Number of protein chains: 2
Amino acid sequence: MTKTIAADTQTSKDRLRLWLRVLKATRAVENEVRENLRREFSSTLPRFDVMAALTQHNDGLKMSGLSTVLKVSNGNVTGIVERLVEDGLVIREKVPGDRRASLVKMTAKGRAEFAKQAAAHEQWIDTMFAGVAAEQVVPIADALDAVARQLDDKDER
Amino acid sequence: MTKTIAADTQTSKDRLRLWLRVLKATRAVENEVRENLRREFSSTLPRFDVMAALTQHNDGLKMSGLSTVLKVSNGNVTGIVERLVEDGLVIREKVPGDRRASLVKMTAKGRAEFAKQAAAHEQWIDTMFAGVAAEQVVPIADALDAVARQLDDKDER
DNA sequence: GCAGTAAACTTCAAGCTTAAAGTTTCATGC
DNA sequence: GCATGAAACTTTAAGCTTGAAGTTTACTGC
């Protein structure tokens, strides 16, 4: 009985430590990516994220689709897309049957620009994660996926 | 030769996938923590972070110390501390030998409030990371620490 | 038809964040 | 002493973010 409680307490402490490490590593990587995007492409992380989502969904996404995929608020997407449109990287089309909605798509210019950014991004990440041994990569990814999925499921309930 | 290149390419792709999972999990957890802090304590993540840092450094931190520890910009800390002071959770003391600097410390009220928040926080995290097997926790934490440390070292160069 | 409700957004206020520029104070060299 | 530069901040402009409130359009029941 005591043994079980002690083990649980230790695991709980270790889980908190794990979270703090995850957070620290994430922020370090994000800061680096943000800085690189700014310096090399005069862009930002949210803009990159929106373009990545649109590249995944080649036939376009509605505003609500974007905010669902990126898990950010509706109002947030409005502003980011607005600026991407100004820069001609993205376009807003009318949805035939629904005058409330609009479909956001990459422009040719956007695709060309994003291709460059994505290639550089992949390179940055590879360098930053070089310290993680190859055989650890998949197990870690799976473990974290379990965490994310549990929270996603909760949201849908 | 071909074998080596193929293996490296695969590892590179896996590392990118790993990063995307890390990011997804981090955002999911952060969103949950943010929401809980708001709902249960009418507070925010940055405020929690500042109080956590001050709790670690019981004899106070200078503004520059806070921005170094939290890895955020100087101007950022100014605003957050400002609001914490307004709420009486934190106090700014004068530094004897240096009229430019100020030392930020928790107040008694701040300590009491943070104790509640930290206890709840630990509970939230334990629940959210329940899906990670106990024997995986430490190896994952160590692997991510390597990533963060590499970037930290780079900053110091 | 038409009332009521839901969906798809946009707008708003408040706070967070950064990089860059500005202010005051301190330390160093001479 | 005093100039010069660095340190410790604060301020500013621009963008990101959220939750809440507001607007327009679509759908559903009757």
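Worth saying up front: this structure is predicted, and the values here are computed from it rather than measured. Labels below follow one simple rule: chain letters A, B, ... track the order of the sequence lines, proteins then strands, and each chain is numbered from 1. Only heavy atoms go into these numbers, but all of them, side chains included; no hydrogens, no water, no symmetry mates.
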Under the side-chain hydrogen bond (donor to acceptor under 3.5 Å, both in side chains) test, which residues partner Arg149(A), sequence neighbours left out?
-> Asp145(A)

N or O in side chain of Arg83(A) less than 4.0 angstrom from dC16(D) OP1/OP2 = yes

Whole-Å distance between dT18(C) C1' and Glu32(A) CD?
-> 16 Å

Atom pair distance, as rounded to whole Å: CG in Leu70(A) and P in dC16(D) | 13 Å

For Arg92(A), what residues pass the salt bridge (Lys or Arg N to Asp or Glu O under 4.0 Å) criterion, not counting sequence neighbours?
-> none

Check the hydrophobic clustering (I, L, V, M, F, W, Y; side-chain heavy atoms under 4.5 Å; chains of links allowed) and say if Val138(A) and Val147(B) are grouped together.
-> no

Return the value, rounded to whole Å, for the distance between atom CZ of Arg27(B) and atom P of dT17(D).
-> 8 Å

For atom CD1 of Ile80(A) and atom P of dA14(D), their distance in whole Å | 18 Å

Atom CZ of Arg38(B) to atom P of dG15(C): distance rounded to whole Å?
-> 14 Å

Main-chain N/O of Val72(A) paired with Arg27(B) side-chain donor or acceptor, under 3.5 Å = no

Going by the ring pair (Phe, Tyr, Trp, His ring centres under 6.0 Å) test, which pairs reach into residues 88-115 of chain B, not counting sequence neighbours?
-> Phe48(B)-Phe114(B)

Does Arg99(B) put a side-chain nitrogen or oxygen below 4.0 Å from OP1 or OP2 of dC26(C)?
-> yes

Cluster question for you: counting only ILVMFWY and a side-chain heavy-atom cut-off of under 4.5 Å, with indirect links fine, are Val77(A) and Val95(A) together?
-> no

Could I get the full list of salt bridge (Lys or Arg N to Asp or Glu O under 4.0 Å) partners for Lys105(A), not counting sequence neighbours?
-> Glu93(A)

Let me know the distance between CG of Leu37(A) and P of dA19(C), rounded to the nearest Å.
-> 13 Å

Distance in angstrom units between Lys94(B) NZ and dT24(C) P, rounded = 17 Å

Can you get from Leu84(A) to Phe41(A) by hopping between Ile, Leu, Val, Met, Phe, Trp and Tyr side chains that sit under 4.5 Å apart?
-> yes

Neighbours of DNA chain D within residues 39-59 of chain B, by heavy-atom distance under 4.0 Å | none

Treat primed atoms plus P, OP1 and OP2 as sugar-phosphate and everything else as base, then score nucleotides 4-14 of chain C 5' to 3': B for base contact with protein heavy atoms under 4.0 Å, S for sugar-phosphate contact only, - for none.
-> ---BSBBB---

Separation of Leu66(B) atom CG from dT17(C) atom C1', in whole Å?
-> 16 Å

